[in-house]
Amino acid sequence: MSLSVELKDLEVLTTNAKQIQDDVLKEILTLNANTEYVQRFLHGSSDKELFKKNIPVVSYGDVKPYIERVANGEPSDVISGEPITRFVQSSGTSGGIHKIFPVNDKYIEKLGYLVDVSSFITSKHFNDNVAEKGKKMAFLYNRLESKTPSGLPVSSSFTSYFMSDYFKNRPSKCNSEYTSPDQVIFCPDNNQSMYCHLLCGLSQREKVVGVSATFAHALVKALNALQIYWKELSSNIRSGHVSEWITDTNCRNSVSATLGGPDLELADMIERECSNNSWEGIITRLWPKAKFIECIVTGQMAQYIPTLEFYSNKLPIVSMIYGSSESIFGVNVDPLSKPQDVSYTFLPNISYFEFLPVDHEEDMNNIVDLVNVKLGCYYETVVTSYFGLHRYLVGDILQVTGFYNKTPQFRFVRRKNTVLSVNSEATTEEDILRGLARATLVLESSNSMLMGFTCYAYISTFPGHYVFYWELKAKDVNDVVELDEKVLAECCNALEESFGSLYKRLRSKDGSVGALEIRVVQQGTFDSLMEYFISKGCSSAQYKTPMCINSSEALAVLEDKVLARFYSEKSPPLDL
Ligand code: AMP
């Protein structure tokens with residue numbers, strides 16, 4: 001199937017999802033029939049019924065030995081009928097371990113296809129072809145690849161995409177769709193690239209129609225950097241000279257060429273806007289033609305929505321893509337939907353998708369095909385990819401929200417295994433996110449906003465309780481955060497009120513769950529946490545602050561920076 005993007009392709013794909021899914025499975029099974037893994041279960045057959053009957057549904061631990069054998073130099077056909085040429089590494093911060101997945105150029109092509117479909121849809125909805133009429137200031141990053149023992153490259157999915165010929169030779173490059181030259185994206189030092197992305201974006205402020213990053217976290221980080229560096233950035237624009245600490249030669253030269261020369265007027269404007277005490281709407285003030293913010297704000301990234309709305313004067317936030325190291329999944333065909341209503345339409349030509357109904361996990365006979373999911377129901381995705389994953393449980397819980405043509409659309413609900421529990425209650429990511437949305441509303445009555453959070457179950461004393469680490473920042477630049485005891489205790493209450501009925505009962509009646517605690521940490525703490533995870537091998541482009549933390553080393557990074565503690569002062573009302 002051709003991977004070039006046109007609207008009719010999307011229509012054809014989503015109208016013929018059933019046939020395309022059957023063809024994809026046939027192709028995968030034919031390709032992989034003689035691999036050691038598939039041979040064990042299907043004995044050379046590529047029959048769909050036999051696949052459903054014989055191939056077990058597995059998790060990472062089950063396939064890890066096979067993946068590691070290929071990573072250690074055994075032939076690809078241990079798991080894949082096509083050559084494995086590289087590995088993508090998952091951020092793994094939720095489960096605490098880094099997983100690697102075998103892929104080849106086809107994966108990159110599919111990722112490129114997803115990016116192309118998404119750009120195509122965004123351009124169409126904003127009635128503006130970014131490539132022709134404007135540019136995106138995109139905070140895209142790269143990271144040095146590592147190697148497996150057999151010498152195959154290992155990198156994040158986006159690093160493998162940016163380093164590929166698919167990206168380097170993309171047609172939209174001729175139209176300079178980004179304000180930054182590619183050399184800024186290729187620079188392996190992410191601080192240098194972030195600074196240069198800002199510099200290039202500022203120097204072409206009149207052309208910027210969209211501000212983008214893969215995950216919301218990266219945008220908030222870039223805005224934070226803008227607050228730190230704006231004087232230096234405007235001085236670079238004033239002199240036409242890039243700061244000396246930008247030492248990556250290719251990046252430096254390309255940014256110097258982009259600057260062109262001194263621009264006094266622009267430098268004055270940046271200083272005027274940035275020295276304003278209020279940074280509310282700073283994005284629209286610095287980039288007046290910006291029409292949208294583009295980044296993933298579903299799942300745990302939802303915590304950054306209020307911050308992005310504050311900085312952008314509520315520009316539409318478009319959350320376009322849903323994918324993982326295991327497979328790409330889908331795209332949002334309705335970019336203007338509100339962040340909380342975003343659904344992703346699965347792309348049936350990417351992998352073979354099945355769905356395990358939540359709460360019926362014990363009976364694999366309940367697994368259904370993509371086109372047979374039921375509206376409103378919750379499922380965990382099971383993926384069979386071209387590269388050696390067969391009936392692999394992804395660990396994301398999704399809810400069916402509708403259909404685009406014949407293809408289901410899903411809301412991302414939560415990661416499966418991330419729960420907080422200090423007793424017999426199970427608090428899910430969804431509960432936490434709901435609580436956080438309520439607590440941030442309470443916080444709005446103060447002068448501060450939430451810049452980062454994570455939590456853990458404190459069980460060293462009885463009763464155990466939930467601890468939330470919060471990094472706060474004053475809304476106005478020159479203000480300091482005021483820690484208002486009443487507001488923060490109210491935030492604790494708001495969190496608890498959003499949890500499940502068992503939590504509330506254990507907390508209220510039995511006293512076997514203690515009062516929820518918010519520990520406010522110093523500014524920059526969540527950057528330190530990110531650096532900690534990066535030092536453990538996670539890539540910064542892919543990094544997502546873990547919603548819950550179990551590792552004592554990571555907790556120590558946070559504990560070192562605690563400024564103040566607040567507790568919920570009353571038990572949450574019981575559910576009726
Ligand atoms: P990784 O393999 O490290 O790239 O992480 C993939 C995981 O990130 C997915 O399984 C999801 O849990 C999460 N993720 C990716 N895209 C989205 C999205 N659009 N919305 C919510 N979560 C996402």
Side-chain angles (χ1 to χ4, degrees), residues 59-60 67 87-103 107 110-111 114-115 117-118 121 141 143 154-162 212-219 294-305 317-335 337 339-347 350-351 353 379-383 385 387 389 392-399 401 409-419 428-430 432-433 530 533-534 536-548:
S59 298
Y60 192 72
I67 293 177
F87 287 81
V88 290
Q89 184 175 39
S90 82
S91 50
T93 44
S94 19
I97 50 164
H98 292 288
K99 303 169 188 163
I100 57 166
F101 296 96
V103 296
Y107 177 89
K110 285 171 187 263
L111 189 53
L114 178 76
V115 172
V117 174
S118 130
I121 297 173
Y141 302 101
R143 198 179 135 81
V154 183
S155 61
S156 73
S157 44
F158 273 96
T159 292
S160 61
Y161 170 63
F162 293 137
S212 112
T214 314
F215 287 100
H217 170 267
L219 264 192
E294 182 185 41
C295 57
I296 294 171
V297 282
T298 42
Q300 68 193 88
M301 293 295 134
Q303 59 172 305
Y304 298 109
I305 296 169
I317 304 177
V318 301
S319 192
M320 289 304 294
I321 56 177
Y322 170 42
S324 74
S325 311
E326 290 91 330
S327 172
I328 288 130
F329 302 118
V331 65
N332 174 7
V333 294
D334 184 12
S337 51
Q340 54 278 18
D341 299 330
V342 167
S343 291
Y344 299 98
T345 304
F346 268 44
L347 294 171
I350 299 287
S351 299
F353 300 114
Y379 297 94
E380 181 177 355
T381 313
V382 180
V383 95
S385 76
F387 322 108
L389 295 180
Y392 177 93
L393 283 163
V394 174
D396 289 347
I397 305 294
L398 311 178
Q399 183 188 24
T401 53
Q409 300 176 296
F410 296 89
R411 176 175 78 86
F412 181 92
V413 181
R414 61 181 167 91
R415 289 287 302 170
K416 184 179 170 196
N417 293 324
T418 317
V419 291
T428 63
E429 275 198 13
E430 201 180 10
I432 296 170
L433 289 172
M530 176 169 100
F533 280 112
I534 288 174
K536 296 283 168 196
C538 176
S539 99
S540 64
Q542 231 178 343
Y543 175 78
K544 305 157 208 81
T545 306
M547 193 168 294
C548 300

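Remember, it's 1-based here, ligands and their atoms both numbered in the order they're listed.
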Do ligand 1 and [X] have nitrogen or oxygen atoms that lie under 3.5 Å from each other?
| X | answer |
| --- | --- |
| Y322 | no |
| R415 | yes |
| S319 | no |

Counting each atom of ligand 1 from 1 as listed, which ones have a heavy atom of T298 under 4.0 Å away?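 The list of qualifying atoms is 18 (C), 19 (N), 20 (N), 21 (C).
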Proximal ligand 1 atoms for S90, defined as those under 4.0 Å from one of its heavy atoms |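 In order of numbering, the contacting atoms are 2 (O), 3 (O).
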Taking the non-hydrogen atoms of [X], is any one of them nearer than 4.0 angstrom to ligand 1?
| X | result |
| --- | --- |
| F329 | no |
| G323 | yes |
| K99 | no |
| I321 | yes |

When you check the side-chain N and O atoms of [X] and [Y], is any donor under 3.5 Å from an acceptor?
| X | Y | result |
| --- | --- | --- |
| Q409 | T345 | yes |
| S157 | S160 | no |
| E430 | T428 | no |
| S90 | S325 | no |

Just say parallel, tilted or perpendicular for the rings of Y322 and F412, cut-offs at 30° and 60°.
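Answer is perpendicular, since the angle exceeds 60°.
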Q: For residues F410 and Y344, establish whether the separation of their ring centroids is below 6.0 Å.
A: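 Between Y344 and F410, which both carry aromatic rings, the centre distance is not below 6.0 Å.
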Task: Y543 side chain near F533 side chain, heavy-atom distance below 4.5 Å - done: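 With C-beta onward as the side chain, the pair touches.
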